[in-house]
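Below is one structure; the comments refer to it alone.
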Amino acid sequence: MVLRLEKAKGIDIFMEETIALIDKLEAESRLSRAEWIALIEGRSPNAAEYLFQKARKWQQRYFGRQIYARGLIEFTNYCKNDCYYCGIRRSNRSAQRYRLTKEEILECCHTGYGLGFRTFVLQGGEDGWFSQEALEEIVHAIKSKYPDCAITLSLGERSYESYLGLFRAGADRYLLRHETADASHYRSLHPPELTLGNRKQCLYWLKEIGYQTGTGFMVGSPGQTAAHLAEDLMFLRELEPQMAGIGPFVPHHETPFAGEPGGTVELTLFLLGLLRLMLPSLLLPATTALGTIDPMGREKGILAGANVVMPNLSPTSVRKKYELYDNKICTGDEAAECWACLNRRMEKIGYELAVSRGDFPDAPARKQ
Ligand code: SAH
């Protein structure tokens, strides 16, 4: 019916090609570079609806109507890096810097556990003030107190030995977005000391060590083309991560990209749908950045195939200071409000928050 309507408008060829590519992706779990580009450039609202229906079918086959919640603890906004897009880059002199103590972090976990969180995500800038030993102690303390919970780390690029030590201390998962899989695009988003090669190396180490590994990219970052996105999708196909975080680029007023346009809801949703079809059991968050550029962004993300949300568990007093981009949502709410609000939002669209670690469905047994 939809197809016939499009035919009447005389744009049937594009539409049919796009639909055929979506079918091919579902059947074969991969596309060539040229096909990815054609699919991204040829997308239309009708093609997106077709894609999202399929994405929801796979999402529900693996996860039912349960949405996994990860409690995000933003424990430091000090950072030695200077990524051009990021609000907590070291050159942002107007950022008010903070660090949480181990006790404050454990307090966040305590609150979160009571609410139903069974995964804690420790995220921060690359802050050398926390020694390897101190980080391992924090991970170990959380794990001892909450043995039924998963610990996810998101601390940027570190050495193999450091990742291994943290894994042995009890960390289960690691999030490290590759940001863009095109080397020259990577250079245009980062200072010269940061390279795509090293970022990828870290991801392969994390997988090798046994972490459930998450990567991902920003949608609509400055200079991004459909060809870059094709590279991102092909890199994900090759790495086969257990998680992928994608969200729109949102400009921050104190960065070199302050005046750049942000990514769109529409393209972010389309890519979420593609990811669900390509890697059907993938853990896929409907991100806070998506919720920031559209008040219904996270709901739309779930309906496009996402199955994870990451509400903030950081103390309210520091939330505004972890400002990666402008107008970040939920910075004034208590953790309990965040859980309740998201649960209501999920119920309205026929889903619910799960009290569960929410592991990757085919996760290998944890080897020590
Ligand atoms: N230091 C850690 C955590 C970074 S913050 C690391 O390097 O992995 C987590 C993610 O926020 C980043 O990976 C990036 O993709 C995203 N981010 C940063 N600035 C952003 C912006 N302006 N708009 C949207 N997302 C942004």
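By convention here, the first residue in the shown sequence is residue 1. Indexing begins at 1, ligand by ligand and atom by atom, following the structure's order. Note that the structure is predicted; figures quoted are calculated from it, not measured. Only heavy atoms go into these numbers, but all of them, side chains included; no hydrogens, no water, no symmetry mates.
Residue contact check: Phe249 has heavy atoms under 4.0 Å from atoms 22 (N), 23 (N), 24 (C) of ligand 1. Residue-ligand proximity, Met218 to ligand 1, at heavy-atom distances under 4.0 Å covers atoms 15 (O), 20 (C), 24 (C), 25 (N), 26 (C). Taking a cut-off of under 4.0 Å to the non-hydrogen atoms of Cys86, the atoms of ligand 1 that pass are 19 (N). Near Gly124, meaning under 4.0 Å from any of its heavy atoms, are these atoms of ligand 1: 1 (N), 2 (C), 3 (C). The distance from ligand 1 to the heavy atoms of Arg177 drops below 4.0 Å at these ligand atoms: 13 (O), 14 (C), 15 (O), 16 (C).
Distances shorter than 4.0 angstrom do not occur between any heavy atom of Gly262 and any atom of ligand 1.
Checked against a 3.5 angstrom limit, the closest N/O atoms of Gln123 and ligand 1 fall outside it. Annotation: Glu179 places an N or O atom under 3.5 Å from an N or O atom of ligand 1; distance criterion only. Polar contact with ligand 1: absent for Leu155 (N/O pair, distance under 3.5 Å).
Of the charged side-chain nitrogens involved, at least one lies within less than 4.0 Å of a carboxylate oxygen, so that Asp148 and Arg118 count as a salt-bridged pair. Between Glu26 and Lys57, at least one side-chain N (NZ, or NE/NH1/NH2) sits under 4.0 Å from a carboxylate O, which counts as a salt bridge. Salt-bridge formation is not detected for the pair Glu193/Lys80: no Lys NZ or Arg NE/NH1/NH2 atom is positioned less than 4.0 Å from an Asp or Glu carboxylate oxygen. A salt bridge does not link Lys348 with Glu299: none of the charged nitrogens is closer than 4.0 Å to a carboxylate oxygen.
Counting heavy atoms closer than 4.0 Å to ligand 1, residue Cys79 contributes nothing at all. Of the heavy atoms in Arg199, only side-chain atoms (C-beta onward) come closer than 4.0 Å to ligand 1.
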